[in-house]
Structures are given as C-alpha cells and as structure tokens.
Amino acid sequence: DTERTFGFRALAFSRGDEGPLPGMNQDEYVAASNAGARPVAELAAEFAAVRAATLALFRGLSAEAWSRTGVASGCSFTVRSVPFIIA
C-alpha cells in the first residue's frame, strides 16, 4: 500500500498537482489489508504488478516532471525523491 500511495503522489506531483495530499497511517492500512488470510504467492504476484506499474510510471516521466514538487502528509516532496522513499 505504501508503494501505491507514493506512486500516486509521484503521479500527482509530476502532473503539476502541488497538493496538499492526505497522509496515510501504514499501521491502519496493514490492519485492514487482510494480508494474513491471503496466500503468499498471491501477495507476491500483487507486489510484482504494483512494482511493474511504478517502474512504468517513472520510466515515462519527462526530465521536467522529475523536478516538480507537491505536499503530502504536511511535507514537501519532489518527484525525484519518491523512488528513494519507495525503495
């Protein structure tokens, strides 16, 4: 969920949306995820799909988009910072 959230932030900021975007509480997301009831193979496949989408987003950004900024969770981010946060 964190990769999805930060991927959306990168998308929004790269398209010129300066925010503010809401925060997320990762502990609440985990509690509501139902991950413990899902097969590991299913979770791995979902992770691979999310990662592929994230990489496709970043590969498609223009040089200009990488330097755009926005606000999320009360903090300012550049698009360039998001891959490092995700990693």
Side-chain angles (χ1 to χ4, degrees):
D1 291 342
T2 300
E3 182 158 343
R4 284 183 168 120
T5 299
F6 276 89
F8 173 73
R9 290 173 178 178
L11 172 67
F13 301 156
S14 73
R15 303 299 196 254
D17 185 343
E18 296 176 354
L21 299 178
M24 69 168 283
N25 182 320
Q26 65 274 4
D27 296 331
E28 291 176 5
Y29 276 50
V30 168
S33 73
N34 195 37
R38 296 173 60 196
V40 172
E42 185 179 298
L43 294 170
E46 182 178 351
F47 176 77
V50 170
R51 179 55 53 96
T54 300
L55 291 173
L57 169 67
F58 291 140
R59 287 183 182 126
L61 294 178
S62 68
E64 180 185 351
W66 285 100
S67 63
R68 292 189 180 127
T69 62
V71 176
S73 299
C75 299
S76 180
F77 294 90
T78 62
V79 174
R80 183 173 286 114
S81 72
V82 175
F84 293 98
I85 295 166
I86 289 173

Review point. Do the non-hydrogen side-chain atoms of R51 and I86 ever get within less than 4.5 Å of each other?
Key: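 Yes, side chains in contact.
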Side-chain heavy atoms of V82 within contact of E3, under 4.5 Å:
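Sidechains of E3 and V82: no contact.
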Could you report the tightest heavy-atom contact between [X] and [Y], atom names first, then the distance?
{"X": "S73", "Y": "G23", "result": "OG-CA, 2.9 Å"}
{"X": "M24", "Y": "T5", "result": "SD-OG1, 3.3 Å"}
{"X": "G7", "Y": "L57", "result": "O-CD2, 3.5 Å"}
{"X": "A72", "Y": "F77", "result": "O-CE1, 3.3 Å"}
{"X": "A35", "Y": "L43", "result": "O-CD1, 3.7 Å"}
{"X": "A12", "Y": "L21", "result": "CB-CD1, 4.0 Å"}

Inset, instruction - Please lay out, stage by stage, how R9 and D17 fare under the test side chain to side chain contact (heavy atoms under 4.5 Å, CB included). - result: CA-CA 9 Å; R9 290 173 178 178; D17 185 343; over 6 Å; no
Does the side chain to side chain contact (heavy atoms under 4.5 Å, CB included) test come out yes or no for T54 and F6, once each step is laid out?
-> CA-CA 9 Å; T54 300; F6 276 89; over 6 Å; no
Practice prompt. Starting at CZ of F13, measure out to CZ of F8 and round the result to the nearest 0.5 Å.
Written response: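 One gets 8.5 Å once the value is rounded to the nearest 0.5 Å.
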Separation between CZ (R80) and CG (L61), nearest 0.5 Å, reads 10.5 Å
query: Has Q26 got more than 12 heavy atoms of other residues, nucleotides or ligands less than 6.0 Å from its CD?
result: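 Yes.
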Kindly work out whether a path of hydrophobic side-chain contacts (I/L/V/M/F/W/Y, heavy atoms less than 4.5 Å apart) joins W66 to I85.
->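 Linked within one cluster.
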